[in-house]
Amino acid sequence: MNAPFYPPAIETAEIQWRDGVPESVRFGDVYFSRDDGLAEARYVFIQHNRLPERFARVPDGGTFVIAETGFGTGLNFLAAWAAWQAHRPTNGSVLHFVSVERYPLNRDDLERALMLWPELSPLADALLAQYPLPVRGTHRLVFDHGRVRLTLHFGDVIEAWEQLVFQADAWFLDGFAPACNPDMWLDEAMAHLRAHSRPGTTLATFTAAGRVRRALIEQGFAAQKVPGYGRKREMIAGEWPNDGNVANTDPASIDTRVAGHAVAIVGAGIAGCLLARNLAERGIKVHLLDAGDGPGAGASGNRQGATYVKLGVDYNAQTALALAALQHAYRAYAPYAGRHWHPTGLIQLASSQGEADRQRRFLERNHYPLALLSPVGAERASALSGLPCPSGGLWFPRSGWVNPPALCLELIDHPNIRTRFGFSVSRTMPCNGKWHLSSTAQADVVVDKLVVAAGHRTPSVVPLASGVRLKAIRGQVTYLPTERNRAPAVVLCGERYLNPAADGIAVTGATFDLHSDNPEVTPESTRENLDGLAAMLPGAFPEQDGALPGGRVSFRCTTHDYQPVAGPLKDAGGQTVDGVFLLTGLGSKGLSYAPLLAEALADMMTNQPVALPLPLLKRVDPARLSRAPVGPSSDSTLVTDGR
Ligand code: SAM
């Protein structure tokens, strides 16, 4: 039996293995044919959606979207990926696979099932390396440097089709047999298929059930019975007809309008650099502009930063966003492990009675997989960190710290990215459907789309007369030399944070100064950090006699609701400003939020399936920034006149 679970955990599949083939105990049906599951997947789904010929026609910069009901073992996904490799071998185009699973297989069962197909083993290994923990919601997995993307929603099919933003070019309808799995084939589910299809979208399913065919026809699909695979007499294949109103019905070319377009990103911090790389790998030419003399000149310039989010006691959209971002960050940073990413683990210390109570309620009300987080006592926290911890807390074994400037440098090293440093934007003007960016010292940059990811400088770049509401919050970090101080083996977070040492220095911080714009390191802020650290880890640090350790100041960019921002810019009336996007407001959680938000924004900008489901998209909607503030605005609210 599965362990008891509450959100965000999701119940996993109970598998019975018969003759080496996985069967669902709950549904009493097999995941794939006993004869040859891979051959059946190729016949039913690949062949009857005409994928080889349609893949071959996807142009550079184009996208092909497959949507599937029932991810199961991932066999169909891997079969589609293998076909993509065989029939669309050039770069710059994306196969996007969207799938839903109510009862995910656990990793061991998935591995055992996929071992049946040695020819798929490199792809299976890649899937296993990123396969999400059993956590509800939408997971985005990126393979082959972005040439293959998987949006995997762990939850019910109706919820998935209500919340996910995508248009399919082909459907794989693969629930268990309708008699064992009626929910998958409900009319309601069928109606969603139509909403996520476009003229020319095809579908295929192993079942030949008359009820399914009638439901598809009722939704407007031309669905017919065709010979089935092996011993199955029949199956259903179909198409959403072209009614003649759409000029270009070749789904493979629908997204070509984004190919060849140039995008400017203002701000080469972690968010801007991640987005630049993401778009570049989708075949888009990116101009990355920054007033500084290199990437990470602002808040992303600290030599260490932790992947840290505070998960709420209530499992609401805000918590779900933080959780999705954290899991995505682990996946996105994995290729940089040991270089710019150090997954040492992180302890969120219960360093006050209030925080201890909060953590207790959090653990009572929610169920997270232990591989994601677990409670630890003071003794274990001390053993893990190597420093005497006065309290326990929450242990995040997959978290760690990033070297943001080094990561930024590597991210922007791509032939599709052109950098312009020392480019301080003085004017942003629309002209003939393009955006012209001027600076005092360099030639103008003219682009089709503009992303402002300039942290607290965002308001001065955004072309909006009414301005945008953002707060700049000063943060000073302190660099503790390890010759005089001890450093933990894992990241410790509480009233302050302290990172493991790198190159003889452990970074601690940061101050949170709402009312200071002083860019210099001050002794007051250094003492504040040291006192905070001494209070969090009493006895771990000697009195600092002599010269105070050095540090660095930067300004976080925060919204009034402390939630990040990613999406198309909207004016005060809620109207979208054509071709302008925001990626900002990440506060002190940029390293955790930026990978997922950059991915989702790149999806929106290229009309690809979006990594965030609708409730989370709403949470990051830039419209919040353009609305008039409620009540008197604080001193630190930056509102520019625009131009
Ligand atoms: N495509 C899979 C593969 O390649 O291995 C096989 C899919 S299996 C036949 C059907 C899947 O649908 C099962 O994994 C099952 O848990 C899932 N499922 C059943 N009812 C569901 C529902 N209401 N919402 C989402 N998934 C569901």
Side-chain angles (χ1 to χ4, degrees), residues 2 10-17 20-46 48-49 66-83 97-107 109-117 120 123-124 127-128 131-132 134 136-139 150-164 170-193 196 203-207 209 212 228-229 232 235 613:
N2 293 313
I10 189 163
E11 197 171 356
T12 51
E14 201 182 331
I15 305 289
Q16 174 172 315
W17 296 87
V21 173
E23 264 184 34
S24 160
V25 172
R26 172 181 301 271
F27 292 100
D29 198 0
V30 284
Y31 280 83
F32 41 72
S33 156
R34 291 192 170 282
D35 295 343
D36 182 342
L38 179 54
E40 182 182 40
R42 285 179 167 151
Y43 175 81
V44 174
F45 298 110
I46 310 278
H48 282 90
N49 278 299
I66 297 173
E68 177 191 52
T69 51
F71 187 73
T73 68
L75 174 61
N76 289 342
F77 165 60
L78 297 189
W81 182 357
F97 199 93
V98 180
S99 192
V100 55
E101 181 51 62
R102 176 69 188 83
Y103 303 99
L105 268 72
N106 68 43
R107 199 184 173 287
D109 285 330
L110 193 83
E111 184 167 10
R112 183 166 168 190
L114 294 178
M115 265 166 46
L116 290 171
W117 325 111
L120 296 177
L123 309 188
L127 171 62
L128 283 162
Y131 188 62
R136 277 160 206 248
T138 307
H139 305 271
L150 170 63
T151 299
L152 182 51
H153 186 87
F154 283 171
D156 188 72
V157 64
I158 302 289
E159 174 190 89
W161 298 160
E162 277 173 359
Q163 295 189 359
L164 294 178
W171 285 97
F172 292 7
L173 302 183
D174 194 23
F176 291 119
C180 324
N181 189 192
D183 287 3
M184 204 62 134
W185 306 94
L186 290 174
D187 290 350
E188 195 184 351
M190 299 290 176
H192 281 292
L193 301 191
H196 287 289
L203 66 85
T205 174
F206 65 90
T207 181
V212 170
Y229 174 76
K232 284 192 188 141
M235 57 166 272

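We're numbering straight along the sequence, starting at 1. Computed from a predicted structure; not experimentally measured. Whatever order the structure lists ligands and atoms in, that order sets their numbers, starting from 1.
- Summary of contacts: the protein heavy atom closest to atom 24 (N) of ligand 1 is V157 N, 3.0 Å.
- For atom 5 (O) of ligand 1, the closest non-hydrogen atom on the protein side is T73 OG1, 2.6 Å.
- Among F172, W81, F77, the one residue that satisfies the side-chain contact (heavy atoms from CB on, under 4.5 Å) test with I66 is F172.
- Counting only heavy atoms from C-beta outward, the side chains of L105 and F71 never approach each other to under 4.5 Å.
- Listed by atom number, the atoms of ligand 1 under 4.0 Å from G175 heavy atoms are 9 (C), 10 (C).
- In terms of modelled atom types and a separation under 3.5 Å, the side chain of H48 and the main chain of Y43 share a donor-acceptor contact.
- The heavy atom nearest to atom 22 (C) of ligand 1, considering only L78, D29, I158, D156, is found in D156.
- Taking the charged nitrogens against the carboxylate oxygens, E159 and R102 have no contact shorter than 4.0 Å, which rules out a salt bridge.
- Which of G74, P182, C180, G70 comes nearest to atom 11 (C) of ligand 1 through a heavy atom is settled by distance: it is G70.
- A heavy-atom distance below 4.5 Å is not found between the side chains of R107 and L110.
- The nearest protein atom to atom 3 (C) of ligand 1, hydrogens excluded, is given as F71 O, 3.4 Å; this is a heavy-atom distance.
- Counting atoms of ligand 1 from 1 in the listed order, those under 4.0 Å from a heavy atom of F27 are 16 (O), 19 (C), 20 (N).
- Ligand 1 is never approached by F77 to a heavy-atom distance shorter than 4.0 Å.
- In this structure, F45 and E68 have side chains that are not in contact, with every pair of non-hydrogen atoms separated by 4.5 Å or more.
- Using a 4.0 Å cutoff on heavy atoms, S24 does not count as a contact of ligand 1.
- Aromatic ring orientation, F27 versus F176: tilted (interplanar angle from 30° to 60°).
- Residue L75 approaches ligand 1 through these ligand atoms, each under 4.0 Å from one of its heavy atoms: 3 (C), 4 (O), 5 (O).
- When the heavy atoms of D174, N76, D183 are ranked by distance to atom 8 (S) of ligand 1, first place goes to D174.
- Atoms of ligand 1 lying under 4.0 Å from any heavy atom of E68, numbered from 1 in the order shown and given with element: 1 (N).
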Run the side chain to side chain contact (heavy atoms under 4.5 Å, CB included) test on L75 and Y31 for me, step by step, so that the C-alpha distance in whole Å, both residues' side-chain angles and the decisive distance to 0.1 Å come before the verdict. CA-CA 9 Å; L75 174 61; Y31 280 83; over 6 Å; no

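- When only non-hydrogen protein atoms are considered, atom 19 (C) of ligand 1 lies nearest to N181 OD1, 3.2 Å.
- Closest heavy-atom approach to atom 15 (C) of ligand 1 within the set M184, E159, R102, E101: this belongs to E101.
- With contacts defined as side-chain heavy-atom distances shorter than 4.5 Å, the pair E111/Y131 does not qualify.
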